[in-house]
2 protein chains.
Amino acid sequence: MDADVAAVAGLFADRTRASVIAALLDGRALTAGELARACDVTAATISAHLRRLLEADLVAVEAQGRHRYYRLADERAGRAFEALAVLAPVRPVRSLRQSRVAASLRAARTCYDHLAGHAGVRLAEAFVSRGILGPDGFPLLDPDTLTSFGVDVGAAGRSRRSFAHPCLDWSERRHHLAGALGAAVLTRLVELEWLIRDRSSRAVRVTDAGREGLRTRFGCELG
Amino acid sequence: MDADVAAVAGLFADRTRASVIAALLDGRALTAGELARACDVTAATISAHLRRLLEADLVAVEAQGRHRYYRLADERAGRAFEALAVLAPVRPVRSLRQSRVAASLRAARTCYDHLAGHAGVRLAEAFVSRGILGPDGFPLLDPDTLTSFGVDVGAAGRSRRSFAHPCLDWSERRHHLAGALGAAVLTRLVELEWLIRDRSSRAVRVTDAGREGLRTRFGCELG
DNA sequence: ACGATATTTGCGCTACGGTCGAAATATGGA
DNA sequence: TCCATATTTCGACCGTAGCGCAAATATCGT
C-alpha cells in the first residue's frame, strides 16, 4: 500500500509535473506545446512527463490534428493536488496574472486559425440559429449572408482543407466552427477589428464594436 | 505554488516515508525505533526521514524519557495520504495481520515496563476511583491494597527511579500509571497470568481470568 | 509530393536524495 | 559513576530521474 502511495506521490513530486497538473486544474485541455511553454521546458521534457502522467491515468489525451490535447482524467488528480497544496508551508497568493490569462482564454481564443472559447461557441450557435449553418456537421446552408458580411467563402471553398466542421471546445464543452470557413470568419472578424488577437497567447479580445456587431448582425449575445 | 506542491509531494514520494505516515494514520504515536522496525530500515535512516517530516510540520514529536514519540501533526497529512491512495492503481487489501496487531496494541500493550493501552488507562482510573492512587500525579494513597494483592510496593519504593507518575497514553489520550510502581503492578499481573505478553510486539493479552479478576478485585471494567 | 509545425524517442550528462556504518549525544537505571 | 538503550549526526556510496540536444515520426496545408 505505502509503496503505491509513494509512486503516485512521485508523480506530483516534480516541479514540472506539478505545473502541468496545476495548468489543467480547471478542466481545460491544453496541447503538449502549450504545456511546455507554461512550464518553461522543452517539448522533449514535457513529452516525457506527459507520458508518465498518462501511464498512471492521471491525465487523458485526445488527438486533434497534429495537436494532442491533454486534460486531467478525472477529479481525483485535482483533489490530490489540493490536498497537497494545503500542506504547502507558505500560501503564495494565486497568481493574478495567471488566472486573468486563463479567464481571457475561456472567453475567446484561437484554436489553430479559427475562433474558439465562449465567443467561438456562441457565434457557431448563432450561425445555426439563423440557418447559416446546419445543426449537424455544420454544413453551410446560407453562403450569401456570410459573403455579404465580407467573408471570402469562395476562397475557403477552393481550399483543399476541410471546408467546415464542428470542433469540440474544451472550455465550453460545446462545438465551435472549424475548417477553412472558420478560418475565413476569424480573418474577417479581425479585419473588422471586432476581435483583436493577443500577441503572446491564443487569447482573443472582443472589442466593443465587435460585441455590438455580433449582436445586431447575427443575434449573438456573448453574455 | 506548483513548486511548493512538488516539495510537499516529495515528502510522500518515498516508500519509507509513506510507510511512516501510514503507520501513524490512526493517530497513535510511535517511537523512532518502532518506526524503524516497521519500515525495515536502520535507526539512522528513520531519523533522517523523521527530521524531514518534522521540518515540514507533517509530524509532531514529544519526548518521553529516552523515547521520542512521533505522531501526525494534524489531519492534513492523513487527508493527503488518502487522496494519493485513491490514485494508486491496484488496491491491495488492507493487511489483516497489520490491522489485527494495531487493534491488539490499542487494547493493551507495554509502555517501557508498565501497562498501557485501554487496559492500562482503565486500571489506573480504577485505582483512582478506589482511592489507591490520588487523582493528581498518581500519588500512592493506599499501599496496603496493592501489597495484599501481591505487588512488591516496598521494592518499588526503594528503586531510584520515579516511584509513580502519570504517563500520557497515546491510543487512549488519557493517562496510565508509570514508574516503578507501574512496573511492579505489571509484573504481578503477568505473574498471576492475568496478562500475557506477546513475544514479538508490545501487545499484551488480557486473559479471561485477568478480565474477571480486574473487575472483582478493582472494579475495573475493560469494555 | 513537399515544407512547416507538433510531438515523441533515444542518448548522454548531471545532480539530488536514500541508504548504511560509525560515532556522538541523551536519558534511564543500577 | 558507569553501563545499556534510544536517537541523532556525519560521511560516503550509489542508483534514479530530470534535463536538453538531435533525430525520428505524424499531421496539416499548399
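Source: prediction; values computed, not measured. Letters go in sequence order (proteins before strands), and every chain restarts at 1.
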Has [X] got a side-chain atom pairing as donor or acceptor with [Y]'s backbone, closer than 3.5 angstrom?
X: Arg17(B); Y: Gly10(B); result: yes
X: Arg71(B); Y: Leu30(B); result: no
X: Arg188(A); Y: Phe149(A); result: yes

- Among residues 54-61 of chain B, which residues get a heavy atom nearer than 4.0 Å to DNA chain C? none

- Task: Strictly below 4.0 Å, heavy-atom distances to any atom of DNA chain C: list the hits from residues 40-52 of chain B, or just say none.
- Result: Val41(B), Thr42(B), Ala44(B), Thr45(B), His49(B), Arg52(B)

Write down the distance between [atom1] ([X]) and [atom2] ([N]), rounded to a whole number of angstrom.
X: Leu53(B); N: dT7(D); atom1: CG; atom2: P; value: 16 Å
X: His114(A); N: dC28(D); atom1: NE2; atom2: P; value: 13 Å
X: His67(B); N: dG29(C); atom1: NE2; atom2: C1'; value: 13 Å
X: Arg15(B); N: dG17(C); atom1: CZ; atom2: C1'; value: 17 Å
X: Tyr70(A); N: dT8(C); atom1: OH; atom2: C1'; value: 8 Å
X: Arg68(A); N: dT25(D); atom1: CZ; atom2: P; value: 16 Å
X: Phe163(A); N: dC28(D); atom1: CZ; atom2: P; value: 19 Å
X: Tyr69(A); N: dA6(C); atom1: OH; atom2: P; value: 11 Å

- Any luck finding a side-chain donor-acceptor pair between Asp142(B) and Thr145(B) under 3.5 Å? yes

- Kindly write out the residues that satisfy salt bridge (Lys or Arg N to Asp or Glu O under 4.0 Å) with Glu193(B), not counting sequence neighbours, or none if the list is empty. none

- Sequence neighbours excluded, the answer for salt bridge (Lys or Arg N to Asp or Glu O under 4.0 Å) partners of Glu55(A) is Arg51(A)

- Item | Of the listed nucleotides dC19(D), dT8(D), dG18(C), the one nearest the side chain of Asp14(A) | dC19(D)

- Message: Around atom CG of Asp74(B), are there more than 12 heavy atoms from other residues, nucleotides or ligands closer than 6.0 Å?
- Response: yes

- Task: Could you pull out all residues at least two apart from Thr45(B) that satisfy side chain to side chain donor-acceptor pair (under 3.5 Å)?
- Result: Thr42(B)

- Task: Identify, with sequence neighbours excluded, every residue that meets ring-ring contact (aromatic ring centres under 6.0 Å, His included) alongside Phe127(B).
- Result: Phe218(B)

- Query: How would you label the contact of Arg17(B) with the nucleic acid (heavy atoms, under 4.0 Å): base, sugar-phosphate, or nothing?
  - Reply: sugar-phosphate

